[in-house]
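Throughout, protein chains are lettered first and strands after them, A, B, ... in sequence-line order, and every chain is numbered starting at 1.
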Number of protein chains: 2
Amino acid sequence: MIDEKQTTIKDIADALKISPSTVSRALRNHADISDDTKKKILAKAEELDYQPNIVAKSLRNSQTFTLGIVLPSVVHHFFSTIVSGIEDVASKQKYRLVIAQSNEFFEKEVDSVEAFIGNRVDGLFISIASQTKSYKHLVKAQKSKIPIVFFDRETDEIQASKVIVDDYEGAFHATEHLITQGCKNIIHLAGPDGLHISENRSRGYLEALTKHNIQKNTIIVSDNFDKGYETIKGLLAKGEVIDGIFAVNDDTAIGAMRACKQAGKIIPTDIAIIGFGDNPVAQIVEPPLSTISQSGFEMGQAVASLFLEQIKHQKDTKNKDNVIPYQFQTKIITTKLVIRDSSNRNI
Amino acid sequence: MIDEKQTTIKDIADALKISPSTVSRALRNHADISDDTKKKILAKAEELDYQPNIVAKSLRNSQTFTLGIVLPSVVHHFFSTIVSGIEDVASKQKYRLVIAQSNEFFEKEVDSVEAFIGNRVDGLFISIASQTKSYKHLVKAQKSKIPIVFFDRETDEIQASKVIVDDYEGAFHATEHLITQGCKNIIHLAGPDGLHISENRSRGYLEALTKHNIQKNTIIVSDNFDKGYETIKGLLAKGEVIDGIFAVNDDTAIGAMRACKQAGKIIPTDIAIIGFGDNPVAQIVEPPLSTISQSGFEMGQAVASLFLEQIKHQKDTKNKDNVIPYQFQTKIITTKLVIRDSSNRNI
DNA sequence: CTGAAAGCGCTAACAC
DNA sequence: GTGTTAGCGCTTTCAG
C-alpha cells in the first residue's frame, strides 16, 4: 500500500490547474474569487478529503488559536467546571484548549508553562500550584508576549489580569452562620500556607469570630478528606471541645463529618459543619453538607473574556503611536452561603 | 515599546556568525559539533531566552508529539484516572496530551476529531459518545494515517486497537454477589442502549440470574444520580418488590440508595445495593457502597502502550518490502468485586 | 479575478 | 565540523 500523504492546497491546485493562492483564498471564503472557481475548489477539496494543516497555518500566521491552561488537577469539580466555563466562551471564538495538570508540583507547572511557550499558545491561564514560590516561568511567558490570566490561585508578583473568588467574604459568612447557629468553639480546617485563597479564608474565619466577640480560635492546616478525618478524630479523642467546624473545602468537611459521626456526635446538634466550594458530593452525603458555593463556570467565562479583551486591545493599538498599555483587570466572583442539614439547627 | 519577536535559531546564528544548521544541531545535541561551538551556542541561547518553536518543528518533521484524547467527560473520576494513566506512559516519551470532551454529543465528538486531524496529532485515543452511531470521522482519521486506540467505549466498525474493561464479568460477579446475599428480586439500572459497556453489563446481570435459576429480571435504563433516584422512588411507590439493586455506575447506585432510605428501607437488610466503577464517593456515602472496581489508571497505561507499540511497528516496517500490517490488539482490564456495607448482609 | 514569489522557523541532505 | 540549500503547507503582498 502506498503511503499516501495528506491532501494539501497544492494538490487541489494541481488537480484544477490553478494556483495555490487561489485555492487558499477560496477555502477561506476570501472575496475576489469567482463563484465558479470557488465551487470547483470546494468540490475538489471535498473529493480529496482535504483537511487544512493547522500546524502550517499556525506557523505562517504566528497564531495557534490554542489556549494553555495550567491547573492543579482536573479531577476537582471546581477546576473542571472552570474549564467548562473557559471552553464556553473560548470555543465560540474558535480557540481550542490544552490542559496541563501540575498536581501541585512546582516542577510540573514549570514544564507545562515552558511547553506552552514552545507551542506558542495564544494565551496562558493558570491557577498556581501550592508549592510555587518562584515565577520565572511566567516571566518567560510574558517575555514571549503571551497574555496570562490567573484564576483562583494567583500571585501579586506577576502583572496580569486575574479572576478570583471572594474567599474572605465566603469564609466570613460561613463562620458567621455557624455562630448564629450557636457555635462557640469553631475549628477551622485550613488550606496550605502561602496560598492567597487559604489566607483569605482563614482571615474571614478570624474576623467573623472577632466581630462576634469570640476569643477562641483554632486553625489547623488540613485540606483533604483523610486529613480532615484524622484531625478531627485526633481532637475529639483528646477531649477537645468542638461544636462547629468550618473546612476550607467540602472534601475536608466530609472527612471531618465522618470523624464526628464515628465519635458518636450528632450533626448538627453536637457539632455543626460547613465546607467550601459546593462540590456535588455535598448534596450526597448525610446529612447534606452546608457549604459556600462559588461558580466555577462563571469564573471560567470571566477568564476567557478577560483574555479576549486583552487580545482585542493589542490588536486595536497595534501599529499606533502613543499606545496606552492594557490595564489588567481583577474580577471577583461572589460566593453564596448554601445552608443544608449539616449546620442547620433551625435556630 | 518595541515589539520584539521571539528569538529564533537564525538570531543565534547571526549573533555568533555561524550557520543556522550548526545551531540547530548543537541545540539538539547532534554529534559532529565541536564542544567549543556547542558551548557558545548554548550560552547564547540562554542569553537570548531562546524557546524552540515547536510549531515550526512539527511542520518540518511532520510529527507533533501531540496525542488527542476524546472522551465523554473529564469530570468523571474513571475518565480522569484514565487520562492520568495515559499521561504516565506518554509523557515519558515526550508526548503531550490534548483533551476534548464530547459531553456525549455526537457533533462535538466529530468536531473534536476533525480538529485533531487538522492539528496533525500523532495518535487519537477515543471513548465514543453514547450518541455516536456513525464513524465517518474516525475513518477520516484513519485515512490521515492517525493511529486510533479505543478505550472503554468502542465499536467494531473501526479496525483499531482497544482497551476495554471486562464489563460482563464484573456485572456477573456483582449480580451473583447480591444473589449470595439472599436477593431474589434484583433490579438492574442500566446504561444507554447501543453502548457495548451497557450491553455487556446487562448481559452479565442476566446470565448471573440464569445461572442461579432466578427467572425474574428487570432492566431499566437509568444512568445517573437523578435517574437512579427517580426510578427507584417510582418503583417503590408503586409497591414493587425489590431486595437488590445492581446499578451500571456508582452515581446511579447512590441515587437509588437515597430513594431506598427515603422510603424507609434499610440497606442492606431490606435492599442490598451494588454499583460499578469504584468512584471515590462510594466510600464516602452511608452505608459505604459495594461496587466493581476497574483500574482507569491501568487502562490509560495500556492505551498509551498500544499506541507506542503501533508506532514502533510503523517505524520498523517503514521502507521495507512485504510489510506485515500491524495486528490490532484488544486488551482487557479485569475488574474486582469490592464488598462494602451497602450489600453485606454477613451471610 | 488570478498567479508568482517570498517567508513563517526549523531540519536534513548534500556539499566541502 | 560546518555551511548551503531546499522545503514542510500555508498565506500574503505585489503584479498583472
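- Residue A:Arg25 places none of its side-chain N or O atoms closer than 4.0 Å to OP1 or OP2 of C:dG3.
- For C:dG3, one of the phosphate oxygens OP1 or OP2 lies less than 4.0 angstrom from a side-chain nitrogen or oxygen of A:Ser19.
- Aromatic ring centres of A:His137 and A:Phe106: separated by under 6.0 Å.
- Between the NE2 atom of B:His30 and the C1' atom of C:dC10 there is a distance of 14 Å, rounded to whole Å.
- B:Ser19 and B:Thr22 are linked by a side-chain donor-acceptor pair at a separation below 3.5 angstrom, with hydrogens and angles left out of the test.
- Separating the NZ atom of A:Lys39 from the P atom of C:dC1 is a distance of 14 Å, rounded to the nearest angstrom.
- One finds a side-chain N or O of B:Lys57 lying less than 4.0 angstrom from the OP1 or OP2 phosphate oxygen of C:dT11.
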Test side chain to side chain contact (heavy atoms under 4.5 Å, CB included) on B:Val121 and B:Leu67 and set out the steps. CA-CA 5 Å; B:Val121 294; B:Leu67 266 15; 6.0 Å; no
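- Side chains of B:Ser161 and B:Gln329: a donor-acceptor N/O pair is absent below 3.5 angstrom, by distance only.
- Residue A:Lys10 contributes atom NZ, which lies 14 Å from atom P of C:dG3 at whole-angstrom precision.
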Going through the distances and angles, do A:Ser34 and A:Thr37 end up as a side chain to side chain donor-acceptor pair (under 3.5 Å)? CA-CA 6 Å; A:Ser34 75; A:Thr37 45; 2.8 Å; yes
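- Whole-Å rounding puts the B:Ile18 CD1 to C:dC10 P distance at 14 Å.
- Residue-to-nucleotide proximity on DNA chain D shows that, of A:Asn53 and B:Ile33, the 5′-proximal contact is made by B:Ile33.
- Across all strands, B:Thr8 comes closer than 4.0 Å only to sugar-phosphate atoms, never to a base (heavy-atom distances).
- Between A:Phe150 and A:Phe125, the distance separating the two ring centers is not shorter than 6.0 angstrom.
- Rounding to whole angstrom units, NZ of residue A:Lys17 and P of C:dT2 are separated by 17 Å.
- Residues from residues 58-67 of chain A that place a heavy atom under 4.0 Å from any atom of DNA chain C, listed by number: A:Leu59, A:Arg60.
- Looking at B:Thr66 and B:Arg96, their side chains do bring a donor and an acceptor atom within 3.5 Å of each other.
- As a whole-Å value, the separation of A:Asp35 CG from C:dT2 P is 10 Å.
- Nucleotides of DNA chain D that come within less than 4.0 Å of any heavy atom of chain B span, from the 5' end to the 3' end, D:dG1 to D:dG9.
- With hydrogens and angles left out, the side-chain atoms of A:Glu309 and A:Tyr326 include a donor and acceptor closer than 3.5 Å.
- Going from atom NZ of A:Lys145 over to atom CG of A:Asp122 covers 14.5 Å, rounded to the nearest 0.5 Å.
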